[in-house]
Enquirer: 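Structure below; questions to follow.
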Amino acid sequence: MTDDGTRDGKPDDPQRADIAEYVRLTEEQRRRRRARSLAIALTLGALCLLFYIVTIVKLGPGVLNRPL
């Protein structure tokens, strides 16, 4: 165990507030994470749009002309 309460660079108690961050990302890693997050968001949005369009097509144009 070292002086800062860690063993092999890992804290014994992860709930300790005085322990610094465990991982520091490089600028390249941050850029890749952002690109990956953006790709996931766009894919999810495209999937939602696809489901919406398929639902409207399956219901047909008569769904808008129904009596209230």
Side-chain angles (χ1 to χ4, degrees):
M1 187 173 289
T2 60
D3 292 336
D4 63 353
T6 61
R7 185 179 328 164
D8 300 327
K10 297 179 183 175
D12 292 331
D13 183 8
Q15 300 297 323
R16 287 179 53 180
D18 59 338
I19 301 291
E21 281 186 50
Y22 300 110
V23 178
R24 294 199 189 267
L25 298 176
T26 64
E27 200 57 41
E28 175 69 19
Q29 289 171 326
R30 284 186 187 147
R31 194 169 45 248
R32 285 184 178 197
R33 178 183 279 184
R34 181 164 174 80
R36 199 168 37 243
S37 296
L38 185 61
I40 291 171
L42 290 175
T43 303
L44 183 59
L47 189 61
C48 289
L49 184 64
L50 177 67
F51 286 164
Y52 178 77
I53 290 171
V54 167
T55 301
I56 296 299
V57 167
K58 285 183 72 103
L59 289 175
V63 74
L64 298 176
N65 295 329
R66 61 187 179 139
L68 298 173

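Quick caveat, the model's predicted, so the values are computed rather than measured.
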Enquirer: I need the L49 CG to L44 CG distance, nearest 0.5 Å.
Expert: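 If I round to the nearest 0.5 Å, the distance is 11.5 Å.
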Enquirer: Roughly how far apart are S37 OG and L42 CG, rounded to 0.5 Å?
Expert: 11.0 Å
Enquirer: My understanding is that only residues two or more places apart in sequence, or in another chain, count here; which of them pass side-chain contact (heavy atoms from CB on, under 4.5 Å) with L25?
Expert: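 side-chain contact (heavy atoms from CB on, under 4.5 Å) check on L25 returns V23, Q29, R30, R33.
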Enquirer: Check each of I56, V54, T55, L50 against Y52 using the side-chain contact (heavy atoms from CB on, under 4.5 Å) test, and report the only one that passes.
Expert: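 Only match with Y52 under side-chain contact (heavy atoms from CB on, under 4.5 Å): I56.
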Enquirer: Determine, for R32 against E28, whether the closest basic-nitrogen to carboxylate-oxygen distance falls under 4.0 angstrom.
Expert: yes
Enquirer: With clusters defined by side-chain heavy atoms of hydrophobic residues (ILVMFWY) lying less than 4.5 Å apart, directly or transitively, does F51 cluster with L59?
Expert: no
